[in-house]
Structure formats: C-alpha cells, structure tokens
Amino acid sequence: MLMGLMQTTPLLVSGILRYAATAHGEREIVSRGVDEPIHRYDYARMARRCEHAAGALERLGVGAGDTVSSLAWNTHRHLELFYAVTGIGAVLHTANPRLFDEQIVYTINHAESSVLFFERNLLELVERIAGQLRTVRAYVMLTDEANLLPGAVGAVSYEALLAAVQPGFAWPSFDENAAAFLCYTSGTTGDPKGVLYSHRAVVLHAMAAGLASAFGFTAFDVVMPCSSLYHATAWGLPFVAPICGSKLVLPADRMDGAGLHELIEGEGVTFTGGVPTIWTMYLAWLDQNGRTPAGLKRVVIGGSAVPRAMAQAFKERYDVDVLQIWGMTELCPLGVVATPTPALAARGEEAMREAIWSRQGRLQFGIELRTADEDGADTARDGETSGALMVRGPWTIRRYHKHEADCVDADGWFDTGDIATLDADGFMRITDRKKDVIKSGGEWISSIDLENIAAACPGVKVAAVVGVPHPKWEERPLLIIETHDGASIDRAAVEDFLRPRIARWWMPDDVIFAAVPLTATGKIDKKTLRTRYRDHLADR
Ligand code: ADP
C-alpha cells in the first residue's frame, strides 16, 4: 500500500481550546455559579485559567493516565476541568450527583480517582460518602477562598489552587487514543458501567456534531447546554460551541422555568438542549407566565423520546424548531439527529414536519447503524420492520472500563439494547428499549408510542407506560399520568382521547393518576414503576 504523506497531528481536546482562544478569543462564556453572581469571561481568558488549572493539577500530583472525579453542575469551573484535566493527559470522571450515594461511591472507587472536585452545595453529599472513597486523597471545592467551606473533608478552594500557579503552561502532545473522559451509564440494570472516551473519539464526535446535518452552529449562535456536563459530556456541546465560535451559556443547577428564561432572554440564547422533562417544565412555565422565548431558534431534545405534542407546542406557539437526537453514553453520546432533507421538504412543510417529528433522527456520517432480527440478519430498511439496533464507528464503545472482554461482535457492532426501524429516507425510529417493550399475547406494544400519544391529551404533563404481569396476556400496558397543576381529567377522558388514535388491543388496562418518578438522568423511571405496580393486574 502506498501511504499518504500528510501530517498525523493527534486529535486532542486541548487542540479545541487552543483553537477557540486563537480564532475567537473574545467570544463570551457566561456561567451561573452556586451562591455566586453570574460569571462572564471569554475563550481567551478561559484558556489562560485552564493553563493555571493544569499547573494546579500537577501540583496536586495528578499526571498523565491518572483519574480525577467531579461532582459538579454546568458551571465555568467544571468546564475548565473538562479541558485542564484532559489537557495534561489525565482522565476526568464526571460523577452524577443525582445517583444514589452507593452508586456515586461505586463509580469513584471504580475510577480510582485521586482528587474529587465538587460544588459548594454538594458538601453534605461529599461528607457523607468520603469515608467510603478508597482512593481520593484531596478534596477541592469549586469556589473561591471567601466562599470556601472546608467541611469534614478539609477541602481547599479551586481558586486558591489556581492563584498559586505561575502562568505559561504548554499543553503536551500525546497519543490521540489516550483516555480523556470516564462516563458511567446510570446503572438501571446492575452496577454502572464505565465508558472511557478517547481524545480522538471526543474530537471527531464534536466535529461531526457541529455539521449542518447535525447541530450546525455558527459564530452567531448562543448555546446553552441544559443537558448535564456530567451526563455524557452534555452531548459534546462544551466542545462543539468553541469549535464553531459560538457563545456558551451555563445555567449551573438552576433548571427551573424562571432561571432558564432569564438566561434565554438576557443572554440571547439561540440554541439550547436537554432531556424532555426540562422542556415540559419550561413550556408550562411560559404558558403560566405568558412569556415568549424571543430569540430562541432551536431546542435539541433527546435522552428519551420527544413527545410529538412537545415539538408541536414549541413550533406553533413560539416558532422554535425542535431537533430530536438519539444517542447513549456508549456513543459519546450522539447517534442520530432529526434534521430536514430536500426529499422530505419536497413533500411540503406539514408533511416534512410530521416525518421529522415521528422519528428519532437522520443517520450521521461516522455512525453506522443496522437493525438485526433474532438470528442476527439485517432487517429491511423499510420503516416498518423493527430489529435490534446495532451501531459502530470511531466514537462508539469497544469495551467497558476494566472489563475483560469487548462488548462488540466480531464485526465491531455494538448492540444498543434499543429496538428500531430504519427507512429509505435515511432516518431511524426507536420503537422501544428491549426491556421496556410490552409483550401482550405474543404481540409487542411500544411503550414509547403509547406515551407519545397520551402526552398529547389535554391536561397531561407526563405520561408513562409500563408493561405489568397479566394472568392471561403475559403483560398488559398500564398508563401512569402526572397532570398539569390544576388540570382535572379522569380515566374516561383519557380513554376517549386514546380510542381513535390507537389499535384496540393497545388500550391500557388501567390509568393511574400519580407523580411519575424520574431517574438520575431525568428519564421516566420505568424500573420503579414496574416494581410498584407489579401486582396491579394480578386479579384480572
Ligand atoms: P442511561 O439512560 O442508562 O443513563 P443513556 O443516557 O446513555 O443511558 O441512555 C441511552 C438510551 O436512552 C438509549 O439507548 C435509548 O433507549 C434512550 N434514548 C436516548 N435518546 C432517545 C430518543 N430520542 N428517543 C427514544 N429513546 C432515546
């Protein structure tokens, strides 16, 4: 083979920072803090602070190949750790503060982190778990000296660490396949599993996510990630925005309607994103307060299926386009993005919208997808035949951290655990997660489809559907509805709404009005619901 004669510059996360500081150093980063006023600076100043943070990490004895953990929100200091830790060749484990204590302890121990960086309002949590952390030898609170609460762990302040370092750190070059981030799946089944992102995967993922076929940011965009920095690196947004020269707005942990709206309006946010539950809340807040998110153009939503009613509400009430994505921690996390195509546009505005809203998204370069039947053979790409969704590509997992064997087949395909269809338009539609699908009398009922339809029923805030054991049909669907404040609906009204919209045998066997529990990543907690209502249909 004749080899190319081009440079093999490694794709490193620090390269994104160096580029942003040079090309659009004055573009702003605005961040809420914990008990602090809003903080403002720009990519150039952030890059300098990251250099200080890198020096501080070295003084703490953290070097290439070491892992440190964060328990932190969407703040500028957490963002700095994204670049500083990975920039020196160390690994940042972004622990999820919303997990149960025992799971947080498990992940930090499993990661073998030497330092724990945490937010001021998480001190109590850190004090509670510190005795069980086997490898952590230093605690750093993400605050300044004036606000420092050393607590029982004797934490030092991040700002004091940075201030003690001389400027002028030079980012080292190393193998692009070195690990950069360690993200754990939320452990809905068994222990959380660690996914170790390489620099190469993170950079390629960010470059692809910036394309017009995906997020398509320009230098005029103002991007506010409401997906958590600790959840699969907030969908790569902290890398895509600096690559594209977009302003970045970080809301910390204030995801309430008023808090989000203040930033959307005040900072001119054009693009934001997060799991559906955040937007259910924000849409209700807008409605109750008679406000409009002027300037907001697009909202990217994923992590769970986007109810059609949500996409419609954003478009029809506020002229905001919803961009559905599907992905998972194992994919850095982006898989597909629902952007329009000329072929869909040719069917007319309405038809195009319907086509886009009803599917998770369009195939992206860099992520190969196939659906397989029970024997592992390809299923037809006809938009009808569903199969196990398999994925492969340069930002797809090969092996979980510290596992003995690869989690892909001989051809590199990773089984996502989702059931999906692929179609001739190049779109993918999730019908369900394998473990959520309802098996009724030998047929399958899609819990996602039922939820999506029920969510459009007036008065419904969240609709959850789970399969529960049934003496005759094996499993039958149960619909749990959380209503909007002040809404009064009953089972008969919900059934009347569903009847013309679903097959007769899909009708839930009961409708329960109750609060819907959420997981640590803001999804409907179906495991809890299944356990809670396990015997609900036992005497039918
Ligand atoms: P966990 O929920 O276990 O923490 P992830 O956040 O990685 O893990 O979740 C990935 C899963 O979330 C996918 O496998 C899929 O089931 C679900 N998911 C993500 N986006 C969507 C979407 N747009 N529609 C339906 N399901 C989605």
Side-chain angles (χ1 to χ4, degrees), residues 94-100 103-104 107 181-197 205 214 227-236 273-279 299-308 310-311 322-339 356-364 367 369 371 386 388-391 395-397 400 407 414-421 427-437 446-452 455 463-465 517-528:
T94 50
N96 180 344
R98 302 207 195 275
L99 289 174
F100 295 118
Q103 289 176 317
I104 299 175
T107 59
F181 291 91
L182 178 54
C183 301
Y184 283 81
T185 59
S186 49
T188 35
T189 48
D191 282 330
K193 293 197 284 278
V195 186
L196 207 43
Y197 297 175
H205 172 273
S227 45
S228 305
L229 289 192
Y230 57 74
H231 189 205
T233 71
W235 306 348
V275 291
T277 41
I278 293 177
W279 309 114
V299 182
V300 59
I301 309 181
S304 313
V306 179
R308 188 188 175 288
M310 178 176 286
V322 163
L323 204 60
Q324 178 158 200
I325 58 170
W326 164 89
M328 59 198 311
T329 305
E330 287 87 339
L331 308 183
C332 277
L334 221 55
V336 301
V337 188
T339 42
I356 290 183
W357 286 349
S358 63
R359 294 177 280 187
Q360 263 61 28
R362 182 149 76 89
L363 305 188
Q364 300 288 312
I367 283 275
L369 295 183
T371 45
S386 58
L389 182 65
M390 318 286 280
V391 53
W395 54 88
T396 300
I397 189 166
Y400 290 103
C407 53
F414 171 72
D415 187 341
T416 62
D418 288 327
I419 317 267
T421 63
F427 276 70
M428 184 274 278
R429 191 172 84 86
I430 298 275
T431 42
D432 229 324
R433 263 188 165 184
K434 241 179 248 172
K435 56 179 188 285
D436 293 339
V437 81
S446 160
S447 68
I448 291 189
D449 285 352
L450 258 182
E451 283 165 2
N452 201 342
V465 174
L518 299 177
T519 68
T521 52
K523 304 179 192 201
I524 294 171
D525 186 350
K526 298 206 175 175
K527 198 172 144 208
T528 296

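Along the sequence shown, residues are numbered consecutively beginning with 1. Just so we're clear, the structure is a prediction, and the values are computed from it rather than from any experiment. Remember, it's 1-based here, ligands and their atoms both numbered in the order they're listed.
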**Request:** Considering the heavy atoms of His231, write down every atom of ligand 1 situated less than 4.0 Å from one of them.
**Result:** 6 (O)
**Message:** So if I count the atoms of ligand 1 from 1 in the order they appear, which ones are less than 4.0 Å from some heavy atom of Gly303?
**Reply:** 12 (O), 17 (C), 18 (N), 19 (C), 20 (N), 21 (C), 27 (C)
**Prompt:** Does ligand 1 have an atom under 4.0 Å from some heavy atom of Ser304?
**Reply:** yes
**Request:** Flag Ile301 as yes when one of its N or O atoms lies below 3.5 Å from any N or O atom of ligand 1, and as no otherwise.
**Result:** no
**Prompt:** Taking Thr329 for the side chain and Ala232 for the main chain, is one N or O donor matched with an acceptor at less than 3.5 Å?
**Reply:** no
**Item:** Side-chain donor or acceptor of His205 paired with backbone N/O of Trp395 under 3.5 Å
**Value:** no
**Request:** Specify side chain, backbone, both or neither for Thr329, according to which of its non-hydrogen atoms lie closer than 4.0 Å to ligand 1.
**Result:** both
**Request:** May I ask you to identify, for Thr519, whether its side chain, its backbone, both or neither come under 4.0 Å of ligand 1 on a heavy-atom basis?
**Result:** neither
**Request:** Check whether any side-chain N or O of Glu451 sits under 3.5 Å from a backbone N or O of Val465 as a donor-acceptor pair, and report yes or no.
**Result:** yes
**Message:** Out of Arg433, Arg359, Gln360, Arg429, who is nearest to atom 11 (C) of ligand 1 when you count heavy atoms only?
**Reply:** Arg433
**Asked** Taking only heavy atoms of Gln324, which atoms of ligand 1 are found under 4.0 Å from at least one of them?
**Response** 22 (C), 23 (N), 24 (N)
**Prompt:** What do you reckon, does Lys523 have a nitrogen or oxygen under 3.5 Å from a nitrogen or oxygen of ligand 1?
**Reply:** yes
**Asked** Between the candidates Asp432, Ile430, Val391, Asp418, which shows the shortest non-hydrogen contact distance to atom 15 (C) of ligand 1?
**Response** Asp418
**Single hit among Thr416, Ile419, Leu389 for side-chain contact (heavy atoms from CB on, under 4.5 Å) with Ile430** = Leu389
**Request:** May I ask which of Gly522, Gly327, Ala305 has a heavy atom nearer to atom 25 (C) of ligand 1 than the others do?
**Result:** Ala305
**Asked** Does Glu330 reach ligand 1 with a nitrogen or oxygen that is under 3.5 Å from one of the ligand's nitrogen or oxygen atoms?
**Response** no
**Message:** Check this for me - ligand 1, Ile448, N or O atoms closer than 3.5 angstrom, yes or no?
**Reply:** no
**Atoms in ligand 1 with a heavy atom of Trp326 nearer than 4.0 Å** = 13 (C), 15 (C), 18 (N), 19 (C), 20 (N), 21 (C), 23 (N), 27 (C)
**Prompt:** With no hydrogens and no angle check, is any side-chain donor or acceptor of Thr519 less than 3.5 Å from a backbone partner on Thr521?
**Reply:** yes
**Asked** Distance-only, no hydrogens or angles: does the Asp432 side chain make a donor-acceptor pair with backbone N or O of Lys434 under 3.5 Å?
**Response** no
**Gly417 touching ligand 1 at heavy-atom level, < 4.0 angstrom** = no
**Message:** I want to know if ligand 1 touches Met328 in the polar sense, i.e. an N/O pair below 3.5 angstrom.
**Reply:** no
**Asked** Stepwise, does the side-chain contact (heavy atoms from CB on, under 4.5 Å) test hold for Ile104 with Tyr184?
**Response** CA-CA 10 Å; Ile104 299 175; Tyr184 283 81; over 6 Å; no
**Request:** Measure from the side-chain N and O atoms of Trp235 to the backbone N and O of Leu334, and report whether any donor-acceptor pair falls under 3.5 Å.
**Result:** no
**Message:** So does Gly522 get a backbone contact from the side chain of Thr277, meaning a donor-acceptor N/O pair under 3.5 Å?
**Reply:** yes
**Asked** At a 4.0 Å threshold, what atoms of ligand 1 neighbour a non-hydrogen atom of Ile325?
**Response** 20 (N), 22 (C), 23 (N)
**Item:** CA sep, side-chain torsions, deciding dist, call: Arg362, Val336, side-chain contact (heavy atoms from CB on, under 4.5 Å)
**Value:** CA-CA 5 Å; Arg362 182 149 76 89; Val336 301; 5.7 Å; no
**Request:** Could you tell me the separation between the OG atom of Ser227 and the CD1 atom of Ile325, rounded to the nearest 0.5 Å?
**Result:** 7.5 Å
